[in-house]
Structure formats: C-alpha cells, structure tokens
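Written out below as structure tokens is the structure these notes cover.
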Amino acid sequence: MKIPTATYRLQFTPTFTFENAEAIIPYLEKLGISDLYASPIFQAQSGSTHGYDVVDPNQINPELGGIAGLEKLLEVVQNNQLGWIQDIVPNHMAFSSQNSMLVDVLENGQNSQYKDYFDIDWNHPYEGIRDRVLAPFLGKFYGDCLESGELKLQYDKSGFTINYWEWKFPIHIESYSNILDYKSDELRRKLGRNHPDFVKFLGVLYAIKYIPTNSEQQERYAQITFIKSMLWELWNDNGEIREFIEANIEYFNGEVGKPESFNLLDDLLNNQFFRLSFWKVGNEELNYRRFFTVNDLICLRVEDEDVFNKSHKLVLDLLDEGKFTGLRIDHIDGLYDPEQYLNRLRDRAENAYIVVEKILEPHEDLRVNWRIEGTTGYDFLNYVNGIFCQQENQGKFDTLYTRFIGLPLNCQRLVDENKRLIINKHLSGDIDNLARLLKQIADQYRYSSDFTIYGLKEALVEVMMAFPVYRTYINSYDVSTTDQQCIEQVIAKIQDKIPSFLNELLNEITFIEKFLLLRFDENLSEDDKDRWLHFVMRQQQFTGPLMAKSVEDTVLYIYNRLVSLNEVGSAAGEFGFSLDEFHDFNQRQNSDWPHGMNGTSTHDTKRGEDVRSRINILSEIPEEWETYLQTWGKMNAGYKDSVRGVDVPTRNDEYFLYQTLLGTYPFELKDKSEFVQRIKDYLIKAIREAKVNTAWLRPDTAYEDGFLKFVDSLFKSTKQNKFLPSFQTFQKKIQHYGIFNSLSQTLLKVTVPGVPDFYQGTERWDLSLVDPDNRRPVDFKQRLKMLNELQSQWKKDKSSLLQQLLEHPEDGKIKLFTIHQILRTRQDYPDLFQWGDYQKLAVNGSLRQHIITFVRTWNESSAIAIAPRFLTSLIKEDEYPLGEQVWHETRISLPAGSPAIWKDVITGQEIEAENTIWIRDVLNLFPVALLIKQT
C-alpha cells in the first residue's frame with residue numbers, strides 16, 4: 001500500500017479538465033505533494049461543477065476529457081511519481097434524464113433490469129406511488145402544470161417521452177398503443193388497409209400487445225428495441241404516418257384553457273411507472289431514498305452484491321491496473337451496511353489507501369473494525385481549530401453575544417427545535433415510511449398490536465431527535481457495546497423529558513428501544529428477527545441526514561457566537577478545545593489511525609481555513625470586539641430597512657455579517673464590487689440555510705433585498721460612511737494576528753499523526769466561503785512562479801528571504817514557503833512522520849499556554865514542532881512573535897536522552913539544547929519552527 005506523504009485536492013469541472021491538470025502536476029510534485037486527490041470524475045450531469053450527481057459510474061466524464069484524457073493525465077502523474085486518490089460516490093446517483101439506468105426503470109418499472117439497482121419501495125401503501133416511482137420535480141401542482149401545457153408528449157428516435165423543461169420521462173412501451181391506436185381508423189382510410197406501411201403499423205400495435213414481462217427479460221428488451229426501430233422507420237419513411245402521429249401528439253397535449261382537452265394526457269400519465277408531482281410532495285410522500293433531502297439524487301442499493309459489482313467495475317479496474325492508488329468514500333453513513341461495504345471494497349482493493357467521509361462528534365471514535373486508513377479529517381479540523389479559541393473567555397462571549405442580539409440563544413435548544421423542523425418539513429415522508437415499517441412488525445406481537453402508526457411515528461421522531469451522533473452501525477443480532485450505550489442514552493434522555501402522564505408514548509418508546517437493541521422474544525422466528533434487524537438498519541440510514549440538515553445546514557447558520565467554530569462535525573455549543581484534549585486526540589490517532597487524512601479546508605467546509613484563523617482572534621479580545629460591535633451597530637442603524645416591523649438585517653444576522661467581513665476581507669482590496677458581490681451571494685445562501693428570516697422553501701425577497709441593500713451601504717465610499725474606516729482599522733489588526741494562527745495551524749497539520757491534505761489553492765491565503773465560493777478558479781501559474789522564486793531566494797540568501805516574507809505577508813508567499821519547507825522534510829523523513837511516536841512536551845514559564853509543541857520519534861529520528869497561539873496579549877499589531885522580548889523565559893523541557901543539536905528546517909538555523917529548548921532562541925527568525933535531530 002502506498003501511504004501518501006501529502007494529498008492535494010483538485011476540483012475537476014468542465015472549465016478545469018484533465019488537460020488543465022496536466023500542467024500543474026510538476027508544480028504539485030515540487031511543492032511536496034505525493035498524491036493527487038481527485039473530485040469525482042465519472043460521468044455526471046452535463047455542466048456539473050462538483051461531480052457528485054453521477055449518471056454513469058462506469059464512464060469517465062467526457063466533459064473532463066473522457067478516458068483518453070484521464071489516461072494522458074495519469075501518465076503525467078505517474079511520471080512525476082505521484083499517486084492518485086479518487087473520490088467515489090457509492091450512495092447515490094442523479095435522478096436525471098441523463099441517467100440511462102434510471103430512465104430504464106422509469107420506462108419499464110419492475111420489468112426493468114435495474115429495478116433492484118435503486119433504493120425504491122415498489123410496494124408503498126399509497127396507491128398513487130405503488131409500483132411507480134415518485135418524480136417530485138414540478139414547479140407547481142401537477143394539475144396546474146398539466147392544464148398550463150407545461151407537460152408535453154413528444155416523440156423522437158428513443159420513443160415517446162413526457163417532457164418538462166429539461167426533463168424527459170419515457171413512457172412504457174405498453175402505453176404506446178394509447179397514442180398509436182387513437183383515431184387509427186383515419187390512418188387506415190388514408191393509406192388503405194393493405195398498404196404495406198399500414199400493415200407494418202398494425203404489426204407494431206400487435207407487437208406492443210404481446211410484450212413479454214420481466215420473466216422473459218431479454219426477450220422483452222429485444223422486442224422493445226424491435227418495436228421502436230419499426231416505428232422510427234415508419235416515421236421517417238411515410239409522411240402520412242408521421243403526420244398522423246404528430247396530430248395524435250397534438251391531441252394528447254391538449255389546449256390551454258380547455259381542461260377537458262388534457263384528459264388523454266392525464267390518463268396516459270396515470271398509467272406510467274413514474275408519477276410526476278409538485279417538488280414539495282417529495283418531503284411528505286416518497287418511495288425512494290434520497291441523498292439527504294435532495295430530490296434529484298436517488299440512492300443505490302449498494303448492499304446488493306450485483307449492484308456493488310456493477311457500480312464499481314471501472315474504479316476497481318483502475319485500481320487493479322495501478323492507475324488509482326487510493327479511494328475516498330463519500331457519505332459512508334448513507335449506506336445500509338457500511339462495514340459490509342468496506343469489507344467488500346477491501347477484499348477487491350487489498351492494497352488501496354482508503355479513507356471515508358465520516359463526521360465524528362467530539363469524543364466519538366471511528367469504528368476500529370473498519371478496514372480503512374481513517375477519515376477525511378473533519379475530526380482533526382475541529383480539534384486543531386479549537387485550540388486557537390481562548391476557552392477562558394467563553395463567559396464573556398456568551399454575554400456580549402446575548403447583549404448584542406438582544407436575546408439569549410441556547411445552542412442545544414436550537415438543535416432540538418431544528419431537528420423537529422427538518423423532520424416535519426423535509427423528512428416527513430421518510431419518517432412515515434419508517435413508521436409504517438415499524439407498524440407492520442408491531443402488529444405481529446400481542447404487546448404492541450394496539451400501537452397506532454401515529455403513536456409509533458411520534459415515538460420514532462423523539463428517538464431520532466435525541467441521537468447525539470450521526471448513526472449507529474448495527475448489522476447483526478449482536479449489538480456492540482458502543483451502539484448499545486448510545487441507544488440507552490437516547491432512551492434515557494427522552495424518558496427524562498417526557499411527562500409520566502404520557503403513558504402511551506413512554507410505552508411506545510420502550511418498545512422502540514427493545515427493537516433498536518434487538519432484544520428478541522424467545523419464540524421469535526428467524527424471519528421475524530430478520531425483519532427487526534432490517535428495520536434497525538433502515539432507521540440508521542436516516543439519523544445522519546437529520547443531523548446534517550438540522551445542525552450543519554441550519555443551526556451553524558443561526559448560532560453565531562463565534563462562527564469560526566461552526567464547522568462540519570463541530571459542536572457549536574462548545575468553545576474550543578484545550579491543549580490536553582488536542583494532544584490526547586493526536587495520541588489516539590497515532591495509535592489507531594496513523595494514516596487518516598488531516599484536512600483544514602475541503603469542498604464542504606463552511607469557511608476557508610484562514611477565515612477561521614482570523615475569526616478565532618476575536619476569542620482573545622472579547623472586550624474590544626464588543627466595543628466595535630456596539631459602535632458599528634449605532635453607526636449602521638440608519639442603513640436598515642424595516643420589513644413587517646422587523647429591522648433588516650436582524651441583530652443576529654448583522655453580528656454574523658461583521659464576523660464574515662473580518663474573516664474574508666482581502667489583504668489588498670483590488671476589486672471592491674467583486675468582493676461585495678461574493679459576500680452578498682454568500683449571505684443569501686447563509687440566511688436561507690438558517691431558515692429564520694427566509695428559506696429555500698419560502699424565500700422572503702423583501703428581507704433578502706433589505707439585507708443586500710444594507711451591505712451595499714456599508715461599502716459606499718462617502719464621507720458619511722464612518723463604518724468602513726472603523727472596520728478597516730480593526731480588520732487590519734485581526735488580519736495581522738490571523739497570519740500567525742494560520743502558520744501555526746499549517747505546521748500542526750503537516751506534522752501531527754496523519755496525512756496532511758491541501759484543498760486546491762490553500763497553499764496561499766484561503767479566504768473563501770462555503771461552496772460555490774470555494775470552487776473559484778485557482779491561479780496555478782502564479783503559484784508555480786512564486787515557488788520557483790522562493791527556491792531560488794532560499795539558495796541565495798536565507799535570512800533576506802525570511803525577512804522579506806515577514807514584511808510582505810499579503811501575497812501569501814509566507815504560507816507557501818512554510819508548507820514547502822515542511823513537506824520537503826516529510827519527504828526526507830517519511831517513516832518518522834508516518835509511523836513515529838507522538839508525545840506532548842512540557843512547556844515552562846509564564847507563557848506556557850501560548851506554545852503548542854510535541855515530539856515525533858522513530859528509531860534514531862526525531863522532530864519537534866513549535867507553534868505559538870493567543871498572541872494579541874504578547875505583541876502589538878505591527879510586531880512579530882519573535883525573540884527574547886516576546887518569549888522571555890518560556891522553554892520546553894526535553895525527554896531524557898534528547899540530542900543536543902537540532903536544525904530548524906524552516907529557517908535553516910541550528911539550535912543547541914541541553915535538555916531545554918528556549919523559545920526565544922527558536923522563534924527568533926520565523927513564527928513557527930520544526931526542529932529535526934542532528935547527529
């Protein structure tokens with residue numbers, strides 16, 4: 001297995017293709033990257049900017065360059081000795097007319113060869129979607145769309161389809177006769193009964209009448225192909241038949257203003273294997289599993305071995321050929337049985353480096369029986385980010401936040417409220433399906449036969465709301481201790497808050513507890529046990545989406561106390577982590593998952609890593625922050641509009657905005673209009689995600705327009721605008737200290753246990769916001785030029801280069817230099833950083849809480865990382881954290897037997913240390929240090 005030294009995430013899009021990537025591979029190799037880490041590259045919907053809407057997992061996306069372009073790029077990658085880690089999407093595909101397998105299902109229903117490929121409930125109790133697939137994509141109610149002429153019957157070589165904007169829904173072959181037989185006597189009179197083309201036409205109708213069912217699947221497909229080819233031939237060869245079909249299509253498509261004229265099309269649609277509906281119906285009535293709450297992403301039954309084999313054929317072939325060296329598994333928690341999936345994958349890809357996208361709550365451990373290298377690094381991200389939040393100021397922050405917004409916000413209460421909101425408005429149909437499954441099983445037992453579906457649903461909602469983690473992983477009759485404890489904690493939490501007089505609800509919850517823990521009755525049959533287990537495994541697939549949509553995509557945009565802490569996988573109610581917690585995490589990683597990824601920015605993070613680094617500075621200066629807040633609030637009050645008696649923006653949204661501006665304001669504002677537009681685009685997404693003053697489902701354009709107008713007012717270049725100069729003064733201070741946070745975070749990411757991962761472009765300052773802002777093009781030519789200049793200057797004059805980097809940090813060279821120096825060291829000492837021991841080091845002196853340090857050891861090699869934090873109390877705004885005047889007597893105690901001479905690979909200087917390293921001697925030329933043992 002090839003363990004990466006460092007990975008670099010590239011986002012392939014139709015505007016950044018395999019050909020574009022070829023040019024940057026030498027740059028990545030020079031930077032110190034060992035493995036290219038690619039976004040999904042399999043055929044996705046046309047124009048996809050992310051690749052997660054796959055339509056064919058066994059074709060390389062032609063918009064990226066196709067298989068030929070991939071092969072050419074892979075040759076360049078291998079010639080530069082890089083590996084290739086591929087992001088794959090086993091959970092879902094696009095619900096799209098471009099998805100040929102799904103189109104086959106929509107056309108043939110349970111006669112389709114792919115009927116078991118997608119996670120569809122064909123036996124749904126609602127008659128309208130029994131034996132049919134709900135297609136919730138209409139912009140208004142079905143009847144309105146029908147009678148306004150938006151649903152169009154059309155015909156081409158592929159056959160008859162119902163078209164709705166870009167959607168093309170195929171009608172099943174048996175219903176062709178509804179169209180072709182309509183007024184067919186007129187065609188007979190025109191052509192004559194014995195006309196060869198009319199005879200052929202009758203042959204088509206006859207063949208339709210005797211289409212085989214799925215018991216003769218191959219014959220059925222052959223006959224469908226034959227019928228379609230005959231009909232297409234008649235369409236092209238006989239103008240009168242073509243006119244006849246066109247006339248019938250016109251009849252079926254009806255006439256706007258005459259509702260009865262749409263009866264033919266309505267009857268035709270009611271006889272299809274899909275049911276078109278208003279898009280909101282998908283939240284309440286649904287018979288296919290979606291990715292989260294996204295209607296146009298339909299999930300797969302990858303637990304079926306045939307589905308696994310079909311959907312993974314190409315990626316496994318590329319692994320077998322050595323072209324891919326690793327995999328990143330998207331949304332592992334969405335799978336029916338993650339452990340089974342990973343076992344199958346590992347059996348087929350024995351030497352692949354495999355990591356999973358898994359959100360771990362604080363103090364939750366990754367399952368040790370998973371045959372992988374670790375996660376993609378959100379756990380690390382939150383720990384390393386958390387140690388730059390000054391925990392002792394939590395109380396002050398709680399107070400100033402409450403004082404500014406005018407009301408107290410309790411994070412846990414927000415989580416509970418928004419879980420209920422998501423269940424009621426977005427996951428209602430999914431919960432209904434789970435409740436019906438539970439009811440079917442409950443009816444079989446005397447102790448639960450009286451439980452109604454409404455009562456069971458109410459109890460199920462309470463249980464799912466109380467889950468503290470994304471999901472449990474029960475996949476057999478033996479429930480692990482971890483899962484058992486989690487479920488027992490959930491039930492205890494519910495029982496504590498439900499009044500004793502609600503006996504029925506308490507009984508139903510006790511019943512569900514018995515189910516979730518698989519505490520079978522003695523006389524239960526194996527079939528009944530399997531039904532219990534199936535319910536549990538199905539239920540586990542929905543706690544993750546609930547957590548993600550309610551916390552990540554809602555609460556993290558409402559609870560704005562310190563938004564740098566509001567990140568994927570974070571616990572926003574907590575206020576950072578202590579150094580001991582950080583070191584404990586790294587020691588656990590070193591013991592259990594030494595090769596998992598360590599990320600600080602990804603395509604899914606809410607803010608770029610350097611945005612968080614800046615905003616964390618506020619945690620050090622709560623009094624100053626509150627003074628500016630109150631000043632700005634008064635300055636800008638006149639810019640606010642009132643919508644229905646509410647000031648726009650609200651104080652909470654205003655508080656959110658100021659933090660966002662502090663974190664993202666460029667070092668040099670070259671294009672103010674572009675920056676302001678980025679902020680405005682982001683704010684619309686953020687406040688809609690918050691679902692308080694506006695939302696995706698119910699946009700309040702008056703509130704949104706008022707907020708955007710407020711933003712414009714803040715950036716007006718007028719003498720009356722007092723905010724902008726005041727903001728810029730404070731922002732420059734935050735920016736200055738944020739630089740050192742960023743460098744410290746970078747050093748830690750590259751040196752702690754795990755594989756450092758770099759999101760594209762983040763080797764310079766990453767002041768991006770959530771996607772699509774973080775998918776903006778990256779200027780790789782500029783980065784290569786900078787790297788070449790750095791290497792040249794390093795050889796000529798080290799001290800002059802270091803001084804220049806500190807004096808001009810705005811161009812990001814200082815971060816690029818730091819990364820390059822440390823990655824080069826990782827390459828020189830691969831075993832030390834891949835396998836080395838991890839020990840925190842004792843720091844002595846009055847400033848010990850300002851230093852993060854540890855030692856890595858492997859055989860005769862040792863490395864010590866030294867990173868400062870909380871610098872606002874140590875240096876002035878225009879100073880650097882260097883030398884004796886800052887660090888005084890602060891020192892690190894070394895383990896017995898440590899070498900006497902170390903080399904700082906960042907500055908090139910040698911450090912003499914007899915059991916003690918004085919910070920003033922190490923951090924005298926550069927803000928961070930990485931010492932390597934010298935013999």
Side-chain angles (χ1 to χ4, degrees), residues 97-98 100 103-104 106-109 111 135 138 142-212 220-276:
S97 303
Q98 299 172 36
S100 60
V103 166
D104 192 277
L106 298 177
E107 181 175 355
N108 295 292
N111 292 316
L138 303 183
Y142 164 75
D144 293 336
C145 283
L146 180 73
E147 294 180 10
S148 64
E150 294 179 29
L151 303 178
K152 295 288 188 184
L153 177 65
Q154 295 191 5
Y155 176 73
D156 59 23
K157 187 176 182 179
S158 65
F160 288 103
T161 57
I162 301 294
N163 291 13
Y164 178 73
W165 303 108
E166 75 276 9
W167 293 93
K168 292 179 67 174
F169 294 93
I171 72 169
H172 67 80
I173 198 73
E174 287 86 350
S175 62
Y176 278 36
S177 58
N178 295 42
I179 306 163
L180 299 176
D181 210 15
Y182 184 71
K183 295 189 176 183
S184 59
D185 287 347
E186 294 181 7
L187 181 63
R188 177 178 57 80
R189 282 194 294 272
K190 276 188 179 181
L191 291 178
R193 184 186 298 275
N194 295 321
H195 190 288
D197 285 344
F198 184 71
V199 173
K200 187 183 289 187
F201 180 81
L202 291 177
V204 169
L205 288 173
Y206 181 84
I208 291 171
K209 187 176 181 181
Y210 292 100
I211 285 283
R220 175 183 172 83
Y221 277 99
Q223 193 155 334
I224 290 173
T225 302
F226 170 71
I227 290 168
K228 288 183 176 181
S229 63
M230 282 184 64
L231 190 59
W232 184 244
E233 196 175 298
L234 288 169
W235 170 275
N236 286 293
D237 293 349
N238 191 303
E240 289 177 310
I241 290 179
R242 181 173 187 163
E243 288 175 7
F244 165 76
I245 295 174
E246 286 175 336
N248 279 4
I249 289 174
E250 190 173 346
Y251 287 133
F252 272 73
N253 281 333
E255 184 178 342
V256 176
K258 296 182 178 180
E260 69 279 1
S261 68
F262 292 94
N263 290 348
L264 287 172
L265 189 57
D266 185 33
D267 290 341
L268 183 69
L269 281 166
N270 286 331
N271 193 31
Q272 299 310 311
F273 292 122
F274 55 86
R275 177 199 151 197
L276 295 175

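Scope of the values below: all heavy atoms of this structure, side chains included, with no hydrogens, waters or symmetry mates. All values derive from a computational prediction rather than experimental measurement.
Side-chain contact between Leu180 and Asn248 is absent, with no heavy-atom pair separated by less than 4.5 Å. Side chains of Ile245 and Leu231 form a contact here, defined as non-hydrogen atoms less than 4.5 Å apart. No side-chain heavy atom of Asn238 sits under 4.5 Å from any side-chain heavy atom of Phe244. Contact of the Ile162 side chain with the Leu265 side chain is registered, since non-hydrogen atoms from C-beta on lie closer than 4.5 Å. Between Leu191 and Ile241, some side-chain heavy-atom pair lies under the 4.5 Å cut-off. Using a 4.5 Å cut-off on side-chain heavy atoms (C-beta onward), Arg188 and Phe201 make no contact. Between Leu276 and Tyr164 there is no side-chain heavy-atom pair separated by less than 4.5 Å. Side chains of Tyr142 and Leu269 form a contact here, defined as non-hydrogen atoms less than 4.5 Å apart.
Judged by distance alone, the side chain of Lys228 and the main-chain N or O of Lys157 form no donor-acceptor pair under 3.5 Å. The closest donor-acceptor contact from the side chain of Asn253 to the backbone of Lys152 lies at 3.5 Å or more, if one exists at all. For the pair Asp104 (side chain) and Ser100 (backbone), a donor-acceptor distance under 3.5 Å is absent.
Note that CG of Asn163 and OG of Ser97 are 8.0 Å apart. Values are rounded to the nearest 0.5 Å. Put simply, CG on Asn236 and CH2 on Trp232 are 5.0 Å apart, with the number rounded to the nearest 0.5 Å. A distance of 12.5 Å separates NZ of Lys190 from NE2 of His195, quoted to the nearest 0.5 Å. Taking CZ of Phe273 as the start and CD of Glu107 as the end, the distance is 9.5 Å to the nearest 0.5 Å. Taking CD from Gln223 and CD1 from Ile211, the interatomic distance works out to 4.0 Å, rounded to the nearest 0.5 Å. One distance of note links CD of Glu240 with CD of Glu186; it measures 12.5 Å at 0.5 Å rounding.
No option in Ile249, Leu268, Leu264 other than Leu264 meets the side-chain contact (heavy atoms from CB on, under 4.5 Å) test with Tyr182.
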Under the criterion side-chain contact (heavy atoms from CB on, under 4.5 Å), I'd like the reasoning laid out for Leu151 against Phe262: C-alpha separation, chi angles, the key distance, then a yes or no. CA-CA 10 Å; Leu151 303 178; Phe262 292 94; over 6 Å; no
In sequence, state the C-alpha distance, the side-chain angles, and the governing distance for Asn271 and His172, and then conclude on side-chain contact (heavy atoms from CB on, under 4.5 Å). CA-CA 9 Å; Asn271 193 31; His172 67 80; 3.8 Å; yes
Criterion side-chain contact (heavy atoms from CB on, under 4.5 Å) on Glu246 and Trp235, from CA distance to verdict: CA-CA 10 Å; Glu246 286 175 336; Trp235 170 275; 3.6 Å; yes
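Under the salt bridge (Lys or Arg N to Asp or Glu O under 4.0 Å) criterion, the residue pairs touching residues 256-272 are Glu255-Lys258, with sequence neighbours excluded.
Aromatic ring orientation, Tyr155 versus Phe160: tilted (interplanar angle from 30° to 60°). Using the six-membered ring where Trp is involved, Tyr210 and Tyr206 have ring planes that are tilted, between 30° and 60° apart.
Comment: Glu174 engages Arg220 in a salt bridge, judged by a side-chain N to carboxylate O separation of less than 4.0 angstrom. A salt bridge links Asp156 with Lys168; the closest basic N to acidic carboxylate O contact falls under 4.0 Å.
Annotation: side-chain hydrogen bond (donor to acceptor under 3.5 Å, both in side chains) contacts of Glu233 (sequence neighbours excluded): Lys200.
In this structure, Lys183 is positioned above the aromatic face of Tyr251, its NZ or CZ under 6.0 Å from the six-membered ring centre and within 45° of the axis.
Glu250 CD: 12 or fewer foreign heavy atoms inside a 6.0 Å radius.
Asn178 and Ser175 share no side-chain donor-acceptor pair at under 3.5 Å.
The nearest pair of heavy atoms linking Arg193 to Phe198 is O-CD2, 3.6 Å.
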